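In what follows, a single structure is set out as C-alpha cells and then discussed.
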Amino acid sequence: MKNIFSLSTLLLLLLSCERLVDFPQDNSGKIHINAFVAGADSRINVMVSQPLNGTESVTADKIRLILDADGESVTLIRDLDYAASYPGEVSYATDIDFEPGQNLKLIAEAEGLPSVVAHTTIPEKLPVPAIECERMSAHMKKDPELGTDHLVEIFKFRITLDEPVSENSYFAVQIYVRKFHEYTGNVNERVKKYYDSLSEEGYDDIFVNSEMMENPALSSQKVDLIIDYEGGEMKVMTAFQVEDKSVLEIPVKATEKRLLIASYGQNPEDQYEIYECFEYKVKVFRLSAEMYHCFKARYIADNSDAPIHLGFSPVTYTYTNVEGGLGIFGAMSVYESDWKYYEN
C-alpha cells in the first residue's frame with residue numbers, strides 16, 4: 001500500500017510539471033551579425049540563418065548595413081577577397097580608427113527579413129604595459145600520456161598596466177612564439193640560409209594547470225576562460241590589483257635554447273655552433289562587456305560536460321546583443337608588443 005501511494009505521488013508530481021510551450025516558428029531566417037571592432041582593424045560579417053521551414057529566401061549580399069559612431073555615418077566597404085568562414089557569409093571593413101568612448105550603432109536590414117540593431121562602446125586605449133617573463137615549474141595533473149601527476153616547466157608572463165582595477169573591466173591575452181637560429185663562429189652562408197628557412201612563428205599554447213581543469217564551465221564565478229580566437233588560444237580574464245596597477249598573468253609552455261649542431265675542429269675557422277632559440281610577442285586586448293559575455297558563452301558551450309540530450313541537464317546559452325537577430329557586435333582596444341627574446 002505504501003509503495004502504491006509513493007508511485008501515485010511521483011506520477012502526480014511528474015504530470016504536474018508538464019507544460020506545453022509553443023515556440024515561434026522562424027520561416028524566413030534571421031540576420032546574423034559577427035562584428036568585432038578593433039581600432040582601424042574592424043570587420044563586420046553578416047549572413048542569414050537557416051529558417052525552420054525551407055531555405056532562406058534572402059542572401060547576405062542583399063543586406064543593407066548602416067553603421068554610425070556618435071551619430072556620424074561610417075562608410076563600410078565590402079571585402080570581395082574575404083574567405084568566408086561559413087557558407088553565404090559576406091564581409092565589410094572600415095579603416096576608421098575609432099576613438100575610446102565612442103558609441104557605435106549598427107543596423108542591418110533587408111526586404112523579407114526582420115531588421116536588427118546592435119550597440120557597443122569603444123573601450124579605453126591600453127597603456128603601454130610592462131611585460132616580464134619568469135621561468136618556473138608548475139603542477140600538471142593527470143597527464144594523459146604519463147597517467148600521473150608531474151611537474152612541467154612553464155613561462156609565466158606578467159603584464160602590468162599603469163591603471164587601477166575597475167569593475168566590469170575585461171581583458172584577453174594571446175602569446176605568439178617565433179623560432180629562430182643563433183650562430184656563433186664561422187657558419188657557411190648556405191648553411192645559414194637553410195636553417196633560416198626552418199624558422200617559424202605562431203600562437204603559443206596556454207598552459208592549463210590542475211585548478212583550471214577543475215573549474216566547472218557552468219558557473220557564475222568570474223573564472224579565467226581559454227577560447228580559440230583567430231586560429232590561436234586566447235585567455236580571457238579580469239585583472240588583479242597590485243598597489244595602484246592592474247596585473248594580468250598568463251602561463252605558456254616553456255621553450256628552451258638548445259644546441260643543434262657544432263664543430264670544434266683545431267682550425268678556428270672551422271669552429272662554429274648553431275642554436276635553436278625562441279622569442280615572444282604579447283598581444284593584449286581590452287574587451288567591451290559584449291565581447292566578454294560572447295567569449296564566456298563560447299567557453300561554456302565548448303567546455304560544459306553536461307550531456308545535452310538529457311532532459312534534466314543544464315542548458316548552455318548563446319549570448320547575443322543583436323536585437324531582432326543573432327550574433328555579436330562588440331569592440332576592443334589592442335596593444336601588440338615587439339618580438340623579444342627571454343633567456344630560455
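Keep in mind that the numbers below use all heavy atoms, side chains included, and drop hydrogens, waters and symmetry copies. As the structure is a computational prediction, the values presented were derived from the model and not from experiment.
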(request) Step by step, work out the salt bridge (charged side-chain N to carboxylate O under 4.0 Å, His left out) result for Arg286 and Glu163. (result) CA-CA 13 Å; Arg286 191 197 302 275; Glu163 62 181 34; 2.9 Å; yes
Minimum heavy-atom separation for [X] to [Y], with atom names?
X      : Y      : value
Pro127 : Leu161 : O-CD2, 3.9 Å
Leu287 : Ala172 : CD1-CB, 4.1 Å
Thr320 : Gly327 : OG1-O, 2.6 Å
Pro114 : Gly324 : CB-O, 4.2 Å
Tyr272 : Asp270 : CD2-O, 3.6 Å
Lys235 : Ile206 : N-CD1, 3.6 Å

Verify, without hydrogens or angle tests, whether [X] (side chain) and [Y] (backbone) share a donor-acceptor contact under 3.5 angstrom.
X      : Y      : value
Glu273 : Thr184 : no
Ser333 : Glu124 : yes
Gln102 : Phe98  : no
Ser42  : Val37  : no
Tyr229 : Gln174 : no
Ser91  : Tyr82  : no
Thr160 : Val247 : no
Gln241 : Val165 : yes

Hey, what do you get for [atom1] ([X]) to [atom2] ([Y]), rounding to the nearest 0.5 Å?
X      : Y      : atom1 : atom2 : answer
Met234 : Ile250 : CE    : CD1   : 9.5 Å
Tyr280 : Phe157 : OH    : CZ    : 6.0 Å
Phe36  : Asn34  : CZ    : CG    : 5.0 Å
Phe329 : Ser288 : CZ    : OG    : 9.0 Å
Glu132 : Ile159 : CD    : CD1   : 10.5 Å
Phe278 : Arg178 : CZ    : CZ    : 12.5 Å

Membership question, hydrophobic clusters at under 4.5 Å side-chain separation (ILVMFWY): are [Y] and [X] in the same one?
X      : Y      : answer
Val242 : Met237 : no
Ile175 : Trp339 : no
Leu67  : Ile96  : yes
Ile154 : Tyr203 : no
Leu326 : Ile63  : no

Please check if atom [atom1] in [X] has more than 12 non-hydrogen atoms from other residues, nucleotides or ligands closer than 6.0 Å.
X      : atom1 : value
Asp205 : CG    : yes
Asn267 : CG    : yes
Tyr264 : OH    : yes
Phe240 : CZ    : yes
Lys283 : NZ    : yes

Donor + acceptor pair across side chains of [X], [Y] (<3.5 Å):
X      : Y      : answer
Glu290 : Tyr292 : no
Tyr319 : Asn321 : no
Ser263 : Gln271 : no

Among [options], find the residue that satisfies the side-chain contact (heavy atoms from CB on, under 4.5 Å) test when tested with [X].
X      : options                        : value
Thr94  : Thr75, Leu76, Ile77            : Leu76
Glu256 : Arg135, Glu153, Glu276         : Arg135
Val236 : Phe171, Phe295, Tyr170, Phe285 : Phe295

Does a side-chain heavy-atom distance below 4.5 Å link [X] with [Y]?
X      : Y      : result
Val284 : Val334 : no
Tyr335 : Val128 : yes
Tyr194 : Asp196 : no
Val117 : Val322 : no
Ile33  : Ile31  : yes
His181 : Leu260 : yes

(message) Looking at Tyr176, I'd like to know if the NZ or CZ of Lys281 sits under 6.0 Å from its six-membered ring centre while staying within 45 degrees of the ring's axis.
(response)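 Yes, Lys281 lies over the aromatic ring of Tyr176.
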(request) Quick one: sort the Tyr183 and Tyr195 rings into parallel, tilted or perpendicular, breaks at 30° and 60°. (result)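 Ring orientation of Tyr183 relative to Tyr195: perpendicular.
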(message) Does the plane of the ring in Phe180 sit parallel, tilted or perpendicular to the ring in Tyr341? Use 30° and 60° as the thresholds.
(response)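 It falls in the perpendicular class, over 60°.
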(message) Does this structure show an ion pair linking Arg158 with Glu249, if we count only N-O contacts that are shorter than 4.0 Å?
(response)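 Yes.
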(message) Between Lys179 and Glu201, does any NZ, NE, NH1 or NH2 come within less than 4.0 Å of an OD or OE carboxylate oxygen?
(response)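 Lys179 and Glu201: not salt-bridged.
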Donor-acceptor pairs are to be reported for all side-chain atoms of residues 103-111 against protein atoms at under 3.5 Å, with residues two or more places apart or in another chain.
{"from": "Asn103", "atom 1": "OD1", "to": "Thr121", "atom 2": "OG1", "distance (Å)": "2.9"}
{"from": "Glu109", "atom 1": "OE2", "to": "Arg64", "atom 2": "NH1", "distance (Å)": "2.6"}

(request) Give every residue pair that meets the salt bridge (Lys or Arg N to Asp or Glu O under 4.0 Å) criterion with at least one member in residues 67-85, sequence neighbours excluded. (result)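 Listed by first then second residue: Arg43-Asp79.
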(request) Decide yes or no on side-chain hydrogen bond (donor to acceptor under 3.5 Å, both in side chains) for Glu134 and Tyr342, but give the supporting numbers first. (result) CA-CA 9 Å; Glu134 177 186 4; Tyr342 297 93; over 6 Å; no
